[in-house]
Amino acid sequence: MTAQVHAQQVRYISDDLFTYMHRGPSTQFKIMGSVDAGTKVTLLEVNKESGFSKVIDDRGRTGWVKSDFISNQVGLKERLPKLEKELTEVKKALANAKQSSDERNAALQSSLENRTEQITDLEDRNTKLNDLLSSSQSEIRELRAKLDTQADDLLMRWFTYGGMVAGGGLLFGLVLPHLIPRRKKRNNGWA
């Protein structure tokens with residue numbers, strides 16, 4: 001039983017091997033020649049019972065080959081240059097991407113090192129400022145304590161001076177009348 005293919009379809013001989021082209025749909029028919037793997041053929045009809053397909057090869061010969069050796073895919077012979085070109089382009093793109101990535105990583109690493117240095121500098125400055133603040137606060141406390149002590153000393157000194165003046169005035173008031181000679185009272189009635 002032979003099935004006619006309605007429109008002639010392009011197919012390829014599979015890449016596994018070369019196959020023989022026969023004059024009829026089985027190995028019982030005479031071999032016309034061989035068709036190399038990856039050769040472009042035109043499919044005319046398929047005989048499902050015998051497993052053979054009628055094709056026209058690239059040299060214009062019409063014959064029968066095993067259906068197992070016919071493929072829809074382009075042969076490796078034709079695909080390989082395209083794949084190699086694609087591979088070269090992908091490798092180039094990958095190399096460019098790697099170089100770009102390396103450059104970006106180097107820039108980021110440099111930036112990170114700069115930021116780390118800045119952070120370290122800021123931490124050192126912060127530590128120094130905290131130490132300075134701490135010593136300033138300690139000095140301020142000491143100066144306030146001194147000021148309070150001096151204020152108390154000054155107050156005590158004024159109290160002492162005031163007491164001495166008052167004591168001196170009292171003593172002067174008591175001693176002075178004895179030092180100045182007294183006048184004698186007259187009895188003339190005017191006094």
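On a predicted model such as this, the values are computed, not experimentally measured, just so you know.
The distance from atom CZ of F69 to atom NZ of K66, rounded to the nearest 0.5 Å, is 6.0 Å. Atom CD of E89 is separated from atom CD of E84 by 12.5 Å, given to the nearest 0.5 angstrom. To the nearest 0.5 Å, atoms CD (E123) and NZ (K128) are separated by 13.0 Å.
Residues I56 and R61 have side chains not in contact (no heavy-atom distance under 4.5 Å, counting atoms from C-beta outward). Taking the side chain as every heavy atom from C-beta outward, L43 and K54 never approach each other to under 4.5 Å. The closest side-chain heavy-atom distance from F52 to T27 is below 4.5 Å.
Other residues, nucleotides and ligands contribute over 12 non-hydrogen atoms within 6.0 Å of the CZ atom of F29.
The two residues M21 and T62 have their closest heavy-atom pair at SD-C, 4.2 Å.
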Inset, instruction - Kindly determine whether K91 and T88 satisfy side-chain contact (heavy atoms from CB on, under 4.5 Å), including the steps that lead there. - result: CA-CA 5 Å; K91 282 183 177 178; T88 304; 5.7 Å; no
Just list the side-chain donor-acceptor pairs under 3.5 Å for residues 136-155, sequence neighbours left out, or say none.
unit_1: S136; atom_1: OG; unit_2: L132; atom_2: O; d: 2.9
unit_1: T149; atom_1: OG1; unit_2: A145; atom_2: O; d: 2.8

Show me, pair by pair, the donor-acceptor contacts under 3.5 angstrom made by side chains of residues 101-119, not counting sequence neighbours?
unit_1: D102; atom_1: OD2; unit_2: K98; atom_2: NZ; d: 3.3
unit_1: E103; atom_1: OE2; unit_2: Q99; atom_2: NE2; d: 3.4
unit_1: R104; atom_1: NH2; unit_2: S100; atom_2: OG; d: 3.2
unit_1: N105; atom_1: ND2; unit_2: S101; atom_2: O; d: 3.4
unit_1: T116; atom_1: OG1; unit_2: L112; atom_2: O; d: 2.7

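Panel note: side chain T39, backbone V35; no donor-acceptor pair is recorded below 3.5 Å. No donor-acceptor pair closer than 3.5 Å links the side chain of T19 to the backbone N or O of V65. Remark: side-chain polar atoms of H22 are not paired, donor with acceptor, to backbone N or O of W64 under 3.5 angstrom.
The only member of N47, V46, L44, V41 that meets side chain to side chain contact (heavy atoms under 4.5 Å, CB included) when paired with S53 is V46.
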